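The structure under discussion appears below in the form of C-alpha cells.
If you're wondering where the values come from, they're calculated on a predicted model, not measured in any experiment. For reference, positions follow the sequence shown, starting with 1. Start at 1 and go down the list; that is how both ligands and their atoms are numbered.
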Amino acid sequence: AGREKVGIHDKFLELGGHSLLAIQVISRVRAAFSIELKLQDLFESPTVAGVAQAIEKRNDGTQVTNQVKDLRAEVILDSKIQNQSVAFEDITEPKNIFLTGATGFLGVYLLSELLEQTQGNIYCLVRATSSEKGKQRLQRALESYSLWNETKSSRIIPVIGELSAPLLGLDESQFNHLASQMDVIYHNGAWVNFVYSYSVLKPANVLGTHEVLRLASQTKIKPVHFISTMSVFSSSAYSDKQVIFESDSLDYTPDNDDGYAESKWVAEKLVMEARDRGLPVCIYRPGRITGHSQTGFCNTEDLFSRMIKGCIQLGAVPNLEGVFSDIVPVDYVSKAIFNISQQKESLGKAFHMVNPNDIYVNEAFNMIRSWGYPIEQMDYEKWRTKLICQTENSNENALYPLLSLFSEELPVNAEMPRYDCKHTIHGLADTDIVCPSVDSKLLNTYYSYFKSSGFLNAPQ
Ligand SMILES: NC(=O)c1ccc[n+]([C@@H]2O[C@H](COP(=O)([O-])OP(=O)(O)OC[C@H]3O[C@@H](n4cnc5c(N)ncnc54)[C@H](OP(=O)(O)O)[C@@H]3O)[C@@H](O)[C@H]2O)c1
C-alpha cells in the first residue's frame, strides 16, 4: 500500500504482504496460467522474480521445493545448554513460574489453572510496549474467556519480550535474573499458523524454544513443560503403522510442506536433545484443541470454528470418509497438563492429549446439519471448487484466510494411525480429569456459544 512501484526483487513480506494477499496472488496466477502455486512458493521465493520462476517450474512439472530441506540439520542446540549439576532441586510448590503464550487460547487456560492451583507468581512472557500494556493484554485475554480473577491478579507478572529474539528479547541482566529466580517453565507460546512456511515460523517456534531451554539451564536447572502437537507425526511414513505410542521417537520429518508441523518438529527435537543432556523436560502433544466443554468458550479464529462457520456459509461439507475429528476440549488439555506436570515421574516422558472417545468427522458434520442449516454433503473436490468460487468474489467466508490449506489432493488422510495415550491416562489415574467425549452434547455446547457470541446466526 502506498508504494508507487514494486521492483521484481522486492520481498513480498517486507512490502506488507500477508496470507490474504498471497491467496489473491495465487488466485490470479490460477486464473491467468491455470497453475496451482502453493503459498510456500510465495514465502520461499517472495519476489516477483521468484514467483515467475515458480510459475515456470510448475509449468514444466518440476517440483518447487522448500528451501530448508534438511530439517534434521536444523536441530542445533547451543553446547552451553546442559545440566552440569547432578540433580536439580525438585520444588513441589514453585514460588516463581515462567509461562509463554499466556495471551493465546490454551495459554489463558494454563494461566488460570496455575493461578488457581498454585500459590506462585506467574511470570508471563508477553509482547507489548510496556509492562502496563502487557498486563492489560493478559487481563483482556483472561476476561475474554471469563477467567479474570481480581483477587489473584497481583500474582501475574508481565515480562515484556519476544520468542523470536535472542534471550527472548530481554536484556542480559533481566534474563540472568529470571534464570536465577524461576522454579519451573511452561513453554506454550508458538506462532500457530497453518499457512506460512517453515522459514517464516522458525524464529518464533524454533529459536524461541532454544532460548527457553537456555533459560532452563542457566544458573540453576528448572523443569521445562513443553507444549508440542500431534502434528509432529504428520508424515505419510507413519501411515503403515496402526498406532503411534507416546514413547515413539520422531524418526520421520513432517511432509506436505507443512511449515507449522516442521517448526514444531524441530522445536520438539531440541527439547529431546536437552533431555538427553540431562535437563528435566516433559512433552505434551495435544490433538486439535477446541472450546471449553462446560462453558462452550471457543477460539473463533481457529480452524475448527472456521470450518464449521465456513461450511454453513457454503451450504456444503466435504465427505471425509474414515477421517477422525481429533478434537480435545481446552479445559481437559489445560487441567491434564497441569496435573501431569506436578508428578516427578512425568519428567523425561511425552504425553498424548487426544480424545479416547472420538468420532468420525462425517458424524460430526451430521450433528452440525441437525442444527437446521441447509448443508449438502459432497466429494472433497466438488466442495473445494465451490469454496474457491465463493471466495473468488468475496472474502466473507470464514475459511477464506485458510484457503491454501485445501490443496487439490485431500489434505487429511484416513489411513493415518491412531494415537495411543497411556502415559496421559496413567498420569491422570488418581484425578477426576477425563476427556469429554465428542458427541452431540459437546457440539451443542459449542453451538450455543457460537450463537450467543454472535459468531453464528441461527438458521433462517
Ligand atoms: N490450538 C490447537 O489446536 C493446538 C493443538 C496442538 C498443540 N498446540 C500448541 O499449543 C500451544 C498454544 O496454542 P494456541 O492454540 O493457544 O495458540 P494461540 O492462541 O495462537 O496463542 C499463541 C500464543 O503464543 C504467543 N506468541 C506467538 N508468537 C510469539 C512471539 N514471537 N513472541 C512471543 N509470544 C508469541 C502469542 O502471543 P500474542 O498474543 O502476542 O500473539 C499467544 O500468546 C502452541 O505451542 C501450539 O503449538 C495447539
Could you check which of Ala190, Ser263, Gly104 puts a non-hydrogen atom nearest to atom 24 (O) of ligand 1?
Ala190
Examine Tyr186 together with Phe338 and report whether their ring centres are nearer than 6.0 Å.
no
Look at atom NZ of Lys349 and say whether more than 12 heavy atoms of other residues, nucleotides or ligands are closer to it than 6.0 Å.
yes
Report yes if the side chains of Phe98 and Val184 come closer than 4.5 Å at any heavy-atom pair, otherwise no.
no
Could you establish whether Asn188 and ligand 1 come within less than 4.0 Å of each other, counting only heavy atoms on the residue side?
yes
Heavy-atom nearest neighbour in the protein, as seen from atom 25 (C) of ligand 1, with distance rounded to 0.1 Å:
Gly101 CA, 3.9 Å
Can you tell me if CG on Asn457 sees more than 12 non-hydrogen neighbours from other groups inside 6.0 Å?
no
Could you list the atoms of ligand 1 found under 4.0 angstrom from a heavy atom of Gly189?
24 (O)
Straight-line distance of Tyr145 OH to Phe297 CZ, nearest 0.5 Å
9.0 Å
Any idea which of Leu168, Thr209, Leu106 brings a heavy atom closest to atom 16 (O) of ligand 1?
Leu106
Do any nitrogen or oxygen atoms of Thr229 lie less than 3.5 angstrom from nitrogen or oxygen atoms of ligand 1?
no
Where on Arg285 is there a heavy atom closer than 4.0 Å to ligand 1, on the side chain, on the backbone, on both, or on neither?
neither
Taking the ring centre of each residue, are Tyr284 and Phe351 less than 6.0 Å apart?
yes
Using modelled atom types and a 3.5 Å cut-off, is there a donor and acceptor pairing between side-chain atoms of Glu162 and backbone atoms of Ser164?
yes
Mind checking whether Ile289 has an N or O less than 3.5 Å away from an N or O of ligand 1?
yes
For residues Trp191 and Tyr260, establish whether the separation of their ring centroids is below 6.0 Å.
no
Ligand 1 contact by Tyr260, heavy-atom criterion under 4.0 angstrom:
yes
May I ask you to identify the nearest protein heavy atom to atom 19 (O) of ligand 1, giving residue, atom name and distance to one decimal place in Å?
Phe105 N, 2.9 Å
Output yes when the distance from some N or O of ligand 1 to some N or O of Arg288 is under 3.5 Å, and no in every other case.
no
Looking only at protein heavy atoms, which one is nearest to atom 9 (C) of ligand 1, and how far off is it?
Ser228 O, 3.7 Å
Check each atom of ligand 1 against the heavy atoms of Ile227 and keep those under 4.0 Å away; list them by number with element.
9 (C), 10 (O), 45 (O)
Residue, atom name and distance, where the atom is the protein heavy atom closest to atom 17 (O) of ligand 1:
Val192 CG2, 3.4 Å
Proximal ligand 1 atoms for Gly287, defined as those under 4.0 Å from one of its heavy atoms
3 (O), 5 (C), 6 (C)
To check your reading of the model: name the closest protein heavy atom to atom 32 (N) of ligand 1, its residue, and the distance in Å.
Leu163 N, 2.9 Å
Take every heavy atom of Arg137, measure it against each atom of ligand 1, and state whether any distance is under 4.0 Å.
yes
Between atom CG of Asn205 and atom CG of Leu270, what is the distance when rounded to the nearest 0.5 Å?
11.5 Å
For atom 31 (N) of ligand 1, grab the closest protein heavy atom and report residue, atom and distance to one decimal in Å.
Glu162 OE2, 2.6 Å
Cationic tip of Lys451 within the cone over Tyr447's six-membered ring, i.e. under 6.0 Å and within 45° of the normal?
yes
Could you state the interatomic distance from NZ (Lys309) to CG (Asn397), rounded to the nearest 0.5 Å?
9.0 Å
What do you reckon, is NZ of Lys220 surrounded by more than 12 foreign heavy atoms closer than 6.0 Å?
yes
Top protein contact for atom 41 (O) of ligand 1, by heavy-atom distance
Arg127 NH2, 2.9 Å
So which heavy atom in the protein is nearest atom 43 (O) of ligand 1, and how far is it from that ligand atom?
Thr103 OG1, 2.6 Å
Ala204 heavy atoms, cut-off 4.0 Å: which ligand 1 atoms fall inside?
31 (N)
Between Glu273 and Arg277, is the salt bridge (charged side-chain N to carboxylate O under 4.0 Å, His left out) condition met? List the steps.
CA-CA 6 Å; Glu273 174 66 27; Arg277 294 187 195 172; 3.0 Å; yes
